[in-house]
Amino acid sequence: MGKPAIIVHGGAGDWSDDEDAPKSESLKEAALTGWRILQAGGSALDAVEKATNILEDFPLFDAGIGSFLNEVGEIEMDALIVDGSKPDFGAVAGVKHVQYPISLARKVMTETPHCFFVGSGADSLAQQFGFPFQPNMFFVTPAEWARFQQKQTASPTGTVGAVALDMHGNLASATSTGGTHDKKPGRVGDSPIFGAGGYALNGFGAASATGVGENIMRVLLSKYAVDSLTHGKTAPESVQHAIAHINQFFDDSQAGIILVDAQGNIGAAHSTSKIALGWVDEHGQAHAKMTV
Ligand code: GLY
């Protein structure tokens, strides 16, 4: 039996310092929820899914409730879950009615022979699995509606994610997002792309990315970070290496990443001014911070 570990994120970017305290509380709650599952002998997959569900419900993050509106005033959400023990993954993109896109991604992985569903097909699959069908406006917070009406821009931040190692040595990654604000309908970022928004492989590590998806998917940032572990780097060195890699190609890469390795060491790095992080230490104490 190994030592379990979990770290979660609520996006990389820039936001008002006023949001730091409420975001910290949500990140700690999410990390603790996952931690309790791991401490009870539960799976890394359960831990990252349930932790992400909490962040999907929290209105200050760009995932589930609180997602950014696209340019025609609709919410389109993407999610990816990765099981490092197989490896296997499930992903959804452009869903408009599923309260917990990460849970639908898990159903895609475990209950279908496929890996990735998009749009109305993904929403109707959710109904077949018994997910409640929410109106699209269910996900729109008053603050996001006001931002959209006033045509204000926002930092491309608030994607959520979690990575965990369980007592049995299994690694998992979960990532969920509403994408970038005012995106064109149909635009999909890195978050549901295996190897870009998330990646996990037992014996190595699990990663979840956040930031401007076009940059992240062009370098498969999460896979790059986990692969860096195989070159003798520690968890903190691997995420720094991944951010240095993306920075080589983009002047302002606007990316962040979290990682846990197969020994339970965690790391996080970002090229933005902030990254919202939550984790639990070996004494069961939850922590949150907004930079590394
Ligand atoms: N990283 C989230 C997105 O670009 O959609």
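Being a predicted model, the structure only gives us computed values, none of them experimental. Start at 1 and go down the list; that is how both ligands and their atoms are numbered. Just so you know, these numbers use all the heavy atoms, side chains as well, and skip hydrogens, waters and symmetry mates.
- Of the possible polar contacts, one joining the Lys183 side chain to the Glu76 backbone as a donor-acceptor pair under 3.5 Å is found.
- Using a 3.5 Å distance cut-off with no hydrogens or angles, the side chains of Ser253 and Asn247 do pair a donor with an acceptor.
- Applying the 4.0 Å criterion to heavy atoms of Gly189 picks out, from ligand 1, the atoms 5 (O).
- No chain of hydrophobic side-chain contacts below 4.5 Å, direct or via other Ile, Leu, Val, Met, Phe, Trp or Tyr residues, connects Leu277 to Leu55.
- Checked against a 3.5 angstrom limit, the closest N/O atoms of Asp190 and ligand 1 fall inside it.
- Every atom of ligand 1 with a heavy atom of Ser191 under 4.0 Å away is listed here by number and element: 1 (N), 2 (C).
- Close N/O approach between Gly211 and ligand 1 is found [any backbone or side-chain N/O within under 3.5 Å].
- With hydrogens and angles left out, the side-chain atoms of Ser43 and Asn170 include no donor and acceptor closer than 3.5 Å.
- Counting atoms of ligand 1 from 1 in the listed order, those under 4.0 Å from a heavy atom of Thr159 are 1 (N), 2 (C).
- Ligand 1 has a nitrogen or oxygen under 3.5 angstrom from a nitrogen or oxygen of Gly213.
- In this structure, Leu27 CG and Ile54 CD1 are separated by 10.5 Å, a value rounded to the nearest 0.5 Å.
- Aromatic rings of Phe138 and His97 (six-membered ring for Trp) have centroids beyond the 6.0 Å cut-off, not under it.
- Summary of contacts: the protein heavy atom closest to atom 5 (O) of ligand 1 is Arg187 NH1, 2.6 Å.
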